[in-house]
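One structure is given here, and the rest of the page talks about it.
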Amino acid sequence: MIFSKLALYFEKLESTSSRLALIDILSDLFKKSGNLEIEKIIYLTQGRIAPFFEATEIGMAEKQVAGAIAASLNIKREEVLKLYTKLGDMGKAVEQLSNKKQVTNNKKVTVKEVFEILIKIAKTSGEGTVEKRQTLLSDLLKQMDSLSSKFLVRIPLGNLRLGIGDPTILDGLALAKLGDKSKRKLLEGAYNRTSDLGLIAKILWSEGLSAVEKLKVMVGKPI
């Protein structure tokens with residue numbers, strides 16, 4: 001899946017207040033996700049690049065993200081920070097600035113490619129860490145349209161703003177893979193044991209055993 005398509009789903013989620021509608025949107029997203037990317041899509045939907053129990057954080061402050069945005073648009077960082085202060089949302093700031101400069105980049109960067117860059121940013125350390133992280137994010141933003149940029153910059157700041165929690169994601173997974181959100185209870189046992197929605201989705205999407213058989217394996221019950 002290309003990241004711009006994922007951004008369209010994020011936009012739908014952000015603009016929706018009905019929990020039932022959120023579940024339907026998530027289910028549709030998950031149905032269109034391949035087995036090699038579903039785990040990454042789950043984490044990104046959580047605004048993360050790893051499960052909560054892992055200490056893998058991207059760790060970029062507002063000024064660093066603003067610097068990356070400024071470099072990608074060839075403007076001053078102060079211009080980005082000024083608009084951010086006004087709007088209170090770095091995502092809306094980059095979206096507005098990109099539209100203002102009529103940036104229509106869309107190089108069909110995949111979810112996998114975006115995820116790998118975010119992992120690389122998180123693992124960057126040592127001398128020049130701030131500059132290296134900004135460059136990685138800036139180079140990625142240069143390939144994004146305004147909507148994709150909006151959601152991308154929110155992830156390093158830990159503020160995706162989709163308004164969905166783990167139970168809603170579990171409902172979406174149940175509807176997408178088990179055909180009925182009421183079957184979420186089958187997923188909850190696995191979630192309580194693993195605390196990892198990405199892993200649950202990865203196993204459900206893997207080939208071989210049926211969804212229910214996989215769930216039984218996850219909770220340690222015999223098939």
Would you compute the distance between atom [atom1] of [X] and atom [atom2] of [Y] and round it to the nearest 0.5 angstrom?
{"X": "L187", "Y": "T194", "atom1": "CG", "atom2": "OG1", "result": "10.0 Å"}
{"X": "Q134", "Y": "K63", "atom1": "CD", "atom2": "NZ", "result": "11.5 Å"}
{"X": "E79", "Y": "L97", "atom1": "CD", "atom2": "CG", "result": "5.5 Å"}
{"X": "T124", "Y": "M60", "atom1": "OG1", "atom2": "CE", "result": "9.5 Å"}
{"X": "S206", "Y": "L204", "atom1": "OG", "atom2": "CG", "result": "7.5 Å"}
{"X": "Q64", "Y": "I69", "atom1": "CD", "atom2": "CD1", "result": "12.0 Å"}

Does any non-hydrogen side-chain atom of [Y] lie less than 4.5 Å from one of [X]?
{"X": "L73", "Y": "V80", "result": "no"}
{"X": "R48", "Y": "L44", "result": "no"}
{"X": "I119", "Y": "E116", "result": "no"}
{"X": "M1", "Y": "S33", "result": "yes"}
{"X": "L137", "Y": "R133", "result": "no"}
{"X": "F30", "Y": "I42", "result": "yes"}
{"X": "I2", "Y": "V109", "result": "no"}
{"X": "L173", "Y": "W205", "result": "yes"}

Verify, without hydrogens or angle tests, whether S138 (side chain) and S72 (backbone) share a donor-acceptor contact under 3.5 angstrom.
->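 Flag set: sc S138 to bb S72 pair under 3.5 Å.
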
Can any side-chain N or O of N192 pair as donor or acceptor with the backbone N or O of E188 at less than 3.5 Å?
-> yes

Just wondering, are more than 12 heavy atoms of other shown residues or ligands nearer than 6.0 Å to NZ in K92?
-> no

Tell me whether [X] is salt-bridged to [Y], with the criterion being a basic N under 4.0 Å from an acidic carboxylate O.
{"X": "D89", "Y": "R154", "value": "yes"}
{"X": "K150", "Y": "E14", "value": "yes"}
{"X": "E78", "Y": "K82", "value": "no"}
{"X": "E127", "Y": "K132", "value": "no"}

Please check if [X] and [Y] belong to a single hydrophobic cluster, counting links between Ile, Leu, Val, Met, Phe, Trp and Tyr side chain heavy atoms closer than 4.5 Å.
{"X": "L141", "Y": "L87", "value": "yes"}
{"X": "I203", "Y": "L175", "value": "no"}
{"X": "L6", "Y": "I23", "value": "no"}
{"X": "L83", "Y": "I75", "value": "yes"}

Those residues that, when tested against K31, pass side-chain hydrogen bond (donor to acceptor under 3.5 Å, both in side chains) (two or more places apart) =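 For K31, no residue satisfies side-chain hydrogen bond (donor to acceptor under 3.5 Å, both in side chains) once neighbours in sequence are set aside.
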
Before giving the answer on side chain to side chain contact (heavy atoms under 4.5 Å, CB included), spell out for Y9 and L26 the whole-Å C-alpha distance, their side-chain angles and the decisive distance to 0.1 Å.
-> CA-CA 8 Å; Y9 276 102; L26 284 170; over 6 Å; no

Looking at every heavy atom in both [X] and [Y], which two are closest together, and how far apart are they?
{"X": "I49", "Y": "F115", "answer": "O-CZ, 3.2 Å"}
{"X": "L136", "Y": "I117", "answer": "O-CG2, 4.0 Å"}
{"X": "K12", "Y": "S15", "answer": "O-OG, 3.2 Å"}
{"X": "M90", "Y": "Y84", "answer": "N-CD1, 3.4 Å"}
{"X": "L152", "Y": "P156", "answer": "O-CD, 2.9 Å"}
{"X": "L81", "Y": "A66", "answer": "CD2-CB, 3.6 Å"}

Could you walk me through whether T110 and E37 pass the side chain to side chain contact (heavy atoms under 4.5 Å, CB included) test, one step at a time?
-> CA-CA 10 Å; T110 66; E37 63 189 2; over 6 Å; no

Which residue, K177, R184, K183, forms the salt bridge (Lys or Arg N to Asp or Glu O under 4.0 Å) with D171?
-> R184

Non-neighbouring partners of E54 that pass side chain to side chain contact (heavy atoms under 4.5 Å, CB included), sequence neighbours left out |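 Checked E54 against side chain to side chain contact (heavy atoms under 4.5 Å, CB included); matches are A50, P51, T56.
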
What do the steps show when you test T45 against L197 for side chain to side chain contact (heavy atoms under 4.5 Å, CB included), and what is the final call?
-> CA-CA 10 Å; T45 302; L197 290 179; over 6 Å; no

Under 3.5 Å side-chain donor-acceptor pair for S148 and D145 = yes

Taking the six-membered ring of Y43, is the NZ or CZ of K40 close enough (under 6.0 Å from the centre) and on axis enough (within 45°)?
->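 No, K40 and Y43 do not form such a contact.
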
In terms of the angle between their ring planes, are F10 and F151 parallel, tilted or perpendicular, with boundaries placed at 30° and 60°?
-> perpendicular

Under 3.5 Å donor-acceptor pairs involving side-chain atoms of residues 158-170, not counting sequence neighbours:
unit_1 : atom_1 : unit_2 : atom_2 : d
R161   : NH2    : G88    : O      : 2.8
D166   : OD1    : Q46    : NE2    : 3.1
D166   : OD2    : Y191   : OH     : 2.3
T168   : OG1    : R19    : NE     : 3.3

